[in-house]
Amino acid sequence: MTGLFDLSGKIALVTGGAQGLGRMIAEGLLNAGATVAITSRKEDVCKAAAEQMSRLGTCVPLPCDLSSPEAAVDLAARLREACGDTLHILVNNAGKTWGGPVDDYPDKAWPGVMMVNVQAPFTLIRELLGPLEAGGSKDDPSRIINIGSVAGLKAARLSAYSYSASKAAIHMLSRDLAGDLADRNITVNALVPGFFPTKMTAHLRDEDEVDPEVLAQIPMARLGRPDEIAGSVVFLSSRAGSYITGVALPVDGGAAGCG
């Protein structure tokens, strides 16, 4: 069991790693010993977060707005410049949402959400296949972890139609890629968070008080904690998760599995 969750010497990229779930994940990987590159749309936010997290280990800021395929291609190139031609862990976490009533849900709510949540992760994976192959071996494959959502597994009644559709898509894309990349020593899994205390769920909380209707959807009757999402990513990224590919792993207090 020695070193089962040790990520020393590994290089990871976490998109959207400056805030929210991405920050929780990045800190977890750093604490496990990995060198972590993070992205954020805002350069100042990205650099400040990287500086703060550098107390945990080497954290590299790569500001990037993943709202176009070209941005994903550019990010892959800058990652190789900053960290070399080897990548062990890619966490596609950056996300976008749009909510509104079905009666006037706008067409403009679709392209941007699908771009950030589905197409950009695919483009980034394609562009980083070389470094990922260089980082993996049969016994210790490289890892791709796509962050989905419980909204892509069950009807969460959020009126966020493009968001839930995009998360269902990233779950299926992960399965497709897992089958195609297994013989290239790369595993691909989707992590499926439920409700965590982030900006995206701020409208469901008042300080520490959570909307009772939200808690009623969670059998464990609480929000997730930062160490729980971080620990799940470390598990999938470590020797403990090396024989797992093609799964969508809910981390949601039972919201999907018990519903």
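Interatomic distance, I125 CD1 to L173 CG, rounded to the nearest 0.5 Å: 6.0 Å. To the nearest 0.5 Å, atom CD1 of residue I186 and atom OG1 of residue T245 are 9.5 Å apart. Between the NE2 atom of H171 and the CG atom of D176 there is a distance of 13.5 Å, given to the nearest 0.5 Å. The structure places CG of L56 at 5.5 Å from CD of E27, a figure rounded to the nearest 0.5 Å. To the nearest 0.5 angstrom, T15 atom OG1 is 5.5 Å from N93 atom CG. A distance of 3.5 Å separates CG of N146 from OG of S174, quoted to the nearest 0.5 Å.
Other residues, nucleotides and ligands place more than 12 heavy atoms under 6.0 Å from the NZ atom of K154. By the neighbour-count criterion of 12 heavy atoms within 6.0 Å, atom CZ of R80 is densely surrounded, having more than that number from other residues, nucleotides or ligands. Other residues, nucleotides and ligands contribute over 12 non-hydrogen atoms within 6.0 Å of the CG atom of D183.
For residues 109-122, the side chain to side chain donor-acceptor pair (under 3.5 Å) pairs, not counting sequence neighbours, are N117-S166. Residue pairs meeting the side chain to side chain donor-acceptor pair (under 3.5 Å) criterion with at least one partner in residues 134-144, sequence neighbours excluded, are K10-D140, D140-R143.
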| task | Step by step, work out the side-chain contact (heavy atoms from CB on, under 4.5 Å) result for L87 and L79. | result | CA-CA 9 Å; L87 181 65; L79 176 69; 4.0 Å; yes

| request: Apply side-chain contact (heavy atoms from CB on, under 4.5 Å) to V102 and S159, showing your working. | output: CA-CA 7 Å; V102 62; S159 298; over 6 Å; no

| query | Please walk me through it: do W98 and Y163 pass side-chain contact (heavy atoms from CB on, under 4.5 Å)? | reply | CA-CA 7 Å; W98 192 304; Y163 176 77; over 6 Å; no

| message | Run K47 and E51 through side-chain contact (heavy atoms from CB on, under 4.5 Å) and show every step you take. | response | CA-CA 6 Å; K47 289 183 175 180; E51 183 177 355; over 6 Å; no

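Of the possible polar contacts, none joining the D252 side chain to the V150 backbone as a donor-acceptor pair under 3.5 Å is found. Checking side-chain atoms of S149 against main-chain N and O of K167 turns up no donor-acceptor pair under 3.5 Å. A donor-acceptor contact shorter than 3.5 Å is absent between the side chain of T58 and the backbone of T35. Under a 3.5 Å cut-off, the side chain of D65 and the backbone N or O of R41 do not form any donor-acceptor pair. Remark: side-chain polar atoms of D74 are not paired, donor with acceptor, to backbone N or O of E70 under 3.5 angstrom.
A donor-acceptor contact closer than 3.5 angstrom links the side chains of R23 and Q52. Side-chain contact annotation: Y105 with S162, donor-acceptor N/O pair under 3.5 Å present.
A chain of hydrophobic side-chain contacts below 4.5 Å, direct or via other Ile, Leu, Val, Met, Phe, Trp or Tyr residues, connects V36 to I147. Note on Y243: it does not cluster hydrophobically with L132, by side-chain heavy-atom contacts below 4.5 Å among ILVMFWY residues. Residues L181 and L124 are members of one and the same hydrophobic cluster, defined by side-chain heavy-atom contacts under 4.5 angstrom among Ile, Leu, Val, Met, Phe, Trp and Tyr. Following chains of ILVMFWY side-chain contacts shorter than 4.5 Å, one cannot reach F122 starting from V14, and the two form parts of different hydrophobic clusters. Put simply, L13 and V91 are part of two different groups of oily side chains (I, L, V, M, F, W, Y) that touch within less than 4.5 Å, one to the next.
Counting heavy atoms from C-beta outward, L62 and I38 have side chains that stay 4.5 Å or more apart. Within the 4.5 Å cutoff, side-chain heavy atoms of L128 are placed close to those of P131. Side-chain contact check for L215 versus F195: every heavy-atom pair is 4.5 Å or farther apart. In this structure, N189 and I244 have side chains that are in contact, with non-hydrogen atoms separated by less than 4.5 Å. The side-chain heavy atoms of V113 and T97, taken from C-beta on, include no pair separated by under 4.5 Å. Two residues are said to be in side-chain contact when any heavy atoms from C-beta on lie closer than 4.5 Å; I25 and V234 fail this criterion. You'll find the side chain of I144 stays beyond 4.5 Å of the side chain of T187, heavy atoms only. Using a 4.5 Å cut-off on side-chain heavy atoms (C-beta onward), V192 and L249 make no contact.
The two atoms that bring S232 and L191 nearest to each other are CB-CD1, 3.9 Å, heavy atoms only. Taking all atoms of both residues into account, the shortest heavy-atom contact from T39 to C64 is CB-CB, 4.3 Å. Residue A32 comes nearest to D6 through the heavy atom pair O-OD1, 3.3 Å, listed as atom of the first residue, atom of the second, then distance. Residues T123 and P69 share a closest heavy-atom pair of CG2-O, 3.8 Å. Across F235 and A240, no two heavy atoms sit closer than the pair CE1-O, 3.6 Å. The two atoms that bring G148 and P193 nearest to each other are O-CD, 3.3 Å, heavy atoms only.
Under the side chain to side chain contact (heavy atoms under 4.5 Å, CB included) criterion, R222 pairs with M220, R225, E228, not counting sequence neighbours.
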